[in-house]
Amino acid sequence: MVNVFQPIVAGVDGSPAGALAGAVGWRMAQMGGAQCLLIHAVRNLMIPPGGVPGMADESLLRNTILRGARERLLETLQGNVPEDSLGSVEVRVGAAARVLSEVAAERDAGLIVVGGKRHPTLRWLGGSTAHQSVRIAHVPVLITTDTATAIKRILVAVDLSRVAAIALETAERYARLFNAELRVMHAIEDVPFALDYPALVDPDALTARVSEVLEQSVWPEITYPGAERVIRHGAPKAAIKSEVNRWGAHLVVVGSHGKGWVDRLLLGSVTEQLISSLPTSLLVVPMCDRESTASS
């Protein structure tokens, strides 16, 4: 048994995606010898000053609402999530992503699991739970689809930055957990140039140089037996989605550079784009996860 996580925090609600997140989190916890915490967040309780007429005790009202939310959630999860995990369901007040991040910090969790609802575009300014979780969490976030129930092929996309090492290390841990095939991919973006001017960069020379850097600093980091190494051409998002379809990957692992959430919300990133149109289950590993580990 591979002890990978301790524990796993799974965000659940009454939707099929929420139930899937709970089921995947529980299964992975069982495989990794860890505990799975099922967490449900309810919106902030708008209790007026002085409470509600006829109910002077504000804490009693709050507890009643939370208890009712938990009972309704248990009814929804019944049959979708293993009976063994229902006892760990906890209901808290607050925005879902914030609540999950807080619980992960409190319990020293190694993973947050949320449901992937395949939003074609970003929601309004607030974004979805998956987007918000990736922006604020200090641990890896797994956005699930139905492929997460049977992970046999893992694709990890690496760049030439420090993030590549942590993404690769995490992908290898998951590959060992699931006894899965592993493919490591780097995408070389085409160099844009105006039609009236010759290309400033020779594409063949660029490919040769990138291959040289990969051979020196990325490929040597691979330790997983039988792992494949591939180089593709094109924009990272398109190249990753194409590779998922070509190879039939069940999980994609990417690293996050830890940019500010405002920058990512306004400008977008490969990770944000992948969340918005999930090609398969996606595991996002923050750079701060490696940095915090190194400093502890």
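Values below: every heavy atom of this structure, side chains too, minus hydrogens, waters and symmetry copies.
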| field | Min side-chain heavy-atom separation I143-V284 under 4.5 Å | value | yes

| request: May I ask you to decide if V91's main-chain N or O and H40's side chain share a donor-acceptor pair within less than 3.5 Å? | output: no

| query | So, for V218 and L168, which heavy atoms are closest and what is the spacing to 0.1 Å? | reply | O-CD2, 4.2 Å

| query | Between S281 and T145, does any side-chain donor sit less than 3.5 Å from a side-chain acceptor? | reply | yes

| Do W26 and V139 share a hydrophobic cluster, counting only Ile, Leu, Val, Met, Phe, Trp and Tyr and linking them when any side-chain heavy atoms are less than 4.5 Å apart? | no

| field | Nearest atoms (heavy-atom pairs only) where A96 meets T129 | value | CB-OG1, 3.8 Å

| message | Determine whether a donor-acceptor pair (N or O, by modelled atom type, separation under 3.5 Å) exists between the side chain of H186 and the backbone of V158. | response | yes

| Close side-chain approach of L278 to L274, heavy-atom, < 4.5 Å | no

| Is a side-chain donor or acceptor of R70 paired with a backbone partner of V89 at a separation under 3.5 angstrom? | yes

| So do the side chains of E215 and R229 get within less than 4.5 Å of each other, counting heavy atoms only? | yes

| side chain to side chain contact (heavy atoms under 4.5 Å, CB included) between I8 and Q35: does it pass, once the steps are laid out? | CA-CA 6 Å; I8 293 174; Q35 180 185 13; over 6 Å; no

| task | Would you mind reporting whether Y224 and V184 have side-chain heavy atoms less than 4.5 Å apart? | result | no

| request: Give a yes or no on whether the backbone of A175 and the side-chain of N179 come within a donor-acceptor separation of less than 3.5 Å. | output: no

| query | What's the verdict on side chain to side chain contact (heavy atoms under 4.5 Å, CB included) for R153 and L251, showing C-alpha distance, side-chain angles and the deciding distance? | reply | CA-CA 7 Å; R153 290 182 174 177; L251 175 66; over 6 Å; no

| query | What's the verdict on salt bridge (charged side-chain N to carboxylate O under 4.0 Å, His left out) for R92 and E106, showing C-alpha distance, side-chain angles and the deciding distance? | reply | CA-CA 13 Å; R92 293 197 182 189; E106 292 171 9; 2.8 Å; yes

| said: If you count heavy atoms of other groups shown closer than 6.0 angstrom to CZ of R232, is the number above 12? | reply: yes

| message | Looking at I166, is its backbone amide N or carbonyl O close enough to the side chain of T170 to form a donor-acceptor pair, meaning the two atoms are under 3.5 Å apart? | response | yes

| task | May I ask you to test the I275-V134 pair for a side-chain heavy-atom distance under 4.5 Å? | result | yes

| note | Scanning both residues in full, the closest heavy-atom pair of V285 with P140 reads CG1-CG, 4.2 Å

| field | Pairwise distance OG(S242) to NZ(K237) - rounded to 0.5 angstrom | value | 13.0 Å

| message | For R209, give me all partners under salt bridge (charged side-chain N to carboxylate O under 4.0 Å, His left out), at least two apart in sequence or on another chain. | response | E212

| Side-chain touch W247/E181, heavy atoms, less than 4.5 angstrom | yes

| Side-chain donor/acceptor of T280 to backbone N/O of H250, under 3.5 Å | yes

| message | Could you check whether any side-chain N or O of E90 sits under 3.5 Å from a backbone N or O of I39, counting only pairs where one atom can act as donor and the other as acceptor? | response | no

| Side chains of L283 and L111 in contact at under 4.5 Å (non-hydrogen atoms) | yes

| remark: Minimal heavy-atom distance between A164 and D159, with the atoms involved, is CB-O, 3.4 Å

| query | Is there a side-chain contact between I240 and V270, using heavy atoms and a 4.5 Å cut-off? | reply | yes

| note | Heavy atoms of A167 and V254 approach each other most closely as CB-C, 4.3 Å

| field | CA sep, side-chain torsions, deciding dist, call: L282, L142, side chain to side chain contact (heavy atoms under 4.5 Å, CB included) | value | CA-CA 6 Å; L282 178 69; L142 173 63; over 6 Å; no

| query | When rounded to the nearest 0.5 angstrom, what is the spacing between CD in E102 and CZ in R107? | reply | 14.0 Å

| query | Is a side-chain donor or acceptor of S217 paired with a backbone partner of V213 at a separation under 3.5 angstrom? | reply | yes

| request: Begin from the C-alpha positions of V253 and L155 and carry the test side chain to side chain contact (heavy atoms under 4.5 Å, CB included) through to its verdict. | output: CA-CA 6 Å; V253 180; L155 175 69; over 6 Å; no

| query | Of all heavy-atom pairs between A187 and P236, which one has the smallest distance, and what is that distance? | reply | CB-CA, 4.1 Å

| request: Could you tell me whether R27 atom CZ has more than 12 heavy atoms of other residues or ligands within 6.0 Å of it? | output: yes

| request: Could you tell me whether a side-chain N or O of T271 sits under 3.5 Å from a main-chain N or O of S256, the two making a donor and an acceptor? | output: no

